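Written below as structure tokens is the structure these notes are about.
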Amino acid sequence: MMEPVLRIHNLTKHMGSLTPVKGISFNLERGSCTALLGPNGAGKTTTLRMLAGLLSPSQGEIRYGNSGETGADNQRWQKRIGYLPQYPKFYGWMSGLEYLIFSAKLSGLPGKQAKLRSLEVLEMVGLQEAANRRISGYSGGMKQRLGIAQALVHEPEMILLDEPVSALDPIGRREVMDLLDRLRGEVTILFSTHVLHDAEEVCDRMVLMVDGRIAEQGELSELRAKYRQPLLLLEVEPGEREADWLRSLPERHFIEEAEIRNRAARLVVQDMDEARAALVREMADAGIRFQRIEAGASSLEDMFMKVVGA
Amino acid sequence: MEINWGLIWPIIALQAVLAVTALVSLTKAETEQIRGPKWMWVLIILLGNILGSVAYFIGGRRAS
Amino acid sequence: MSMFWIHFKKEMLEAARSYKWIWVPAVFLLLGVMQPVMMYYLPDILMMSGDIPPEAAALITVPPPEEILASTLSQFSTIGLLVLVLSAMNTVAGERSNGTAELVLPRISSVLPMMIAKWAAMMSLLILSFVLGYAGSAYYTSQLIGTLEWGPMLGAGAFYIAWLAWIVTLVLPLGAVLRGPAAAFIALGSAAALTMLASLLPSHLQWSPGRLSAIATECLTGGDPSAWAPAVSAVCFMALSTIAATLLLKRRPLLPQA
């Protein structure tokens with residue numbers, strides 16, 4: 001077991017009459033990559049802003065490191081966090097290099113080191129050509145990459161990225177995902193996204209937030225196993241008899257969950273062999289004209305859609 | 001009436017400096033950083049005297 | 001201290017890149033220099049226009065040098081103050097409305113050095129602009145009309161700077177809760193209100209910093225006003241404004257909808 005670098009307990013934020021974050025708890029281990037997954041409005045941005053120190057929690061606590069102290073210790077930790085907001089905004093009158101040097105100095109790097117490190121991260125995100133141009137002339141993708149550069153410039157131990165790939169085109173998205181992949185292991189990564197696929201691509205853990213609460217969290221591999229259930233997909237020809245039969249399906253004892261549409265059904269079953277045999281027999285007896293029968297397993301995607309849709 | 005041109009010239013020069021600075025700033029800015037069309041600001045700066053340039057510096061540019 | 005310098009250099013660079021260091025002093029210099037010139041040539045111009053009977057025009061004379069300088073100050077109180085407040089309105093409000101604060105604030109453990117740097121940068125521009133404009137006005141006045149005494153002139157200048165300074169400083173706390181133009185509007189409005197109240201109820205508001213502009217004029221025209229209370233309260237006002245701005249920005253670093 002690795003040591004946690006961040007422990008969050010019962011974190012809550014009230015904003016006026018709203019409570020965007022309702023008592024969430026999780027830990028981040030050193031060097032791990034965790035996706036904070038959830039639909040828009042789940043409270044991801046508010047959570048990240050509290051972790052970055054922009055908002056103060058209404059209740060609960062955030063502990064950095066493993067020392068268990070808060071207060072002064074947290075202040076010291078602030079310098080070791082890199083934060084990329086969803087829509088990073090820069091001083092348009094500065095050049096990319098000037099902005100990074102300014103950021104690095106604010107985080108406590110001495111002058112010479114600030115410049116060296118700024119040049120290094122500019123190259124890392126592929127902006128070395130544009131280093132001395134004013135940011136006001138940068139494209140959207142360049143600004144996003146500058147945003148990542150500023151999150152890394154002070155060599156943080158942990159980076160918090162709010163929807164780092166949502167605003168990017170496929171090529172930009174690919175570049176950022178590759179960059180995150182390279183950073184894995186070196187820094188602890190927590191990034192929010194509303195796309196499960198992004199989470200599965202680089203992360204080993206996920207925290208699923210819905211409506212301000214944690215709906216599920218854990219290792220991706222464990223979660224995949226947990227939500228793997230036998231699944232039968234049926235598709236039938238259009239017809240009165242077929243439709244009636246589909247509608248009667250949820251009554252069967254071996255079907256745990258059924259999603260019936262006009263000409264198709266998606267069935268979660270207890271025992272695949274039993275269900276398969278019974279359904280095929282029924283279809284033959286009743287003369288159901290099927291188009292397709294498919295046996296498979298439900299995925300994380302199904303669980304995500306179900307939790308998010310509910 | 002006796003006019004002391006030695007004291008009047010600096011005023012004209014100063015007004016020119018103000019207008020030229022405004023025009024330089026306008027030309028160097030990206031089009032989307034300027035509120036309204038650029039040619040409109042050129043007219044305001046040239047015809048509006050001191051207040052024209054001041055209006056450009058205060059209201060002509062969008063923040064960042 | 002080092003944090004202060006990082007922020008201060010950034011503020012100065014921003015002012016330079018947006019040409020503030022040229023245009024604000026230029027406006028003050030123009031206002032200052034044009035006032036004595038206008039007042040000196042006004043009788044001649046009126047005489048030449050011929051719309052006024054010569055007997056009436058003969059009554060219009062060039063005022064004494066002290067009054068010219070005082071009228072320059074009243075120019076600074078309108079256009080000059082407007083220019084200073086409008087050029088400063090986005091120092092804090094802009095960081096919030098543009099969203100640049102979201103990247104800066106997580107990096108710093110204390111907002112105070114940043115706020116003091118913003119204040120110091122504003123004051124640098126204010127003092128440079130005022131000194132240039134005031135000196136220009138005094139030079140032109142002495143060339144065209146007559147000599148001025150140093151003592152009252154310097155005293156008046158110092159009180160007037162204090163008056164400009166506390167008003168401009170108001171945009172810091174106001175900008176931490178409002179958008180730039182609203183902050184500027186309220187700063188100018190409350191300055192006008194305090195200055196007017198001070199002249200309506202002089203006995204009740206001895207300490208009011210709103211009196212400072214009137215005190216500066218009185219200094220020039222030969223009075224010897226007691227100005228310590230308003231000067232001290234102006235300094236307190238500025239310190240309170242800066243601290244309030246720090247606390248407010250820390251509480252609400254972002255605009256609600258952002």
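Note that this is a predicted model, so its numbers are computed, not measured. Residue numbers begin at 1 in each chain, while the letters A, B, ... track the order of the sequences.
- With a 6.0 Å radius and a threshold of 12 heavy atoms from other residues, nucleotides or ligands, A:His9 has its NE2 atom at or below the threshold.
- A donor-acceptor pair is defined here as one N or O able to donate and one able to accept, closer than 3.5 Å; such a pair exists between the side chain of C:Arg17 and the backbone of A:Trp93.
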**Check against side chain to side chain contact (heavy atoms under 4.5 Å, CB included), C:Lys9 and A:Phe102** = CA-CA 10 Å; C:Lys9 274 193 224 153; A:Phe102 172 66; over 6 Å; no
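- Comparing C:Leu13, C:Leu105, C:Leu103 by heavy-atom pairs within less than 4.5 Å of chain A, the highest count is held by C:Leu103.
- When all heavy atoms of A:Ser107 and C:Arg107 are compared, the closest pair comes out as OG-NH1, 2.8 Å.
- Contact detail for C:Pro106 and A:Ala52: the closest heavy-atom pair is CB-O, 3.5 Å.
- For C:Tyr139, the OH atom sits in a loose shell: 12 or fewer heavy atoms of surrounding residues, nucleotides or ligands are nearer than 6.0 Å.
- With chain C as partner, the option from A:Ser103, A:Gly82, A:Gly147, A:Pro88 having the largest number of non-hydrogen pairs under 4.5 angstrom is A:Ser103.
- Using modelled atom types, one finds no donor on one side chain facing an acceptor on the other under 3.5 Å when comparing A:Tyr87 with C:Glu102.
- Atom NZ of A:Lys22 is surrounded by more than 12 heavy atoms from other residues, nucleotides or ligands within 6.0 Å.
- By the 4.5 Å heavy-atom criterion applied to side chains, C:Met114 and A:Leu106 are not counted as neighbours.
- Salt bridge annotation for C:Glu95-A:Lys89: absent, with no cationic side-chain nitrogen under 4.0 angstrom from a carboxylate oxygen.
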**Request:** Using the side chain to side chain contact (heavy atoms under 4.5 Å, CB included) rule, take A:Lys105 and C:Met3 through it: C-alpha gap first, then chi angles, then the decisive distance, then the call.
**Result:** CA-CA 8 Å; A:Lys105 283 183 177 169; C:Met3 276 294 143; over 6 Å; no
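- Proximity to chain C (any heavy atom under 4.5 Å) is shown, for A:Gln86, by neither the backbone nor the side chain.
- The closest side-chain heavy-atom distance from C:Lys10 to A:Met94 is below 4.5 Å.
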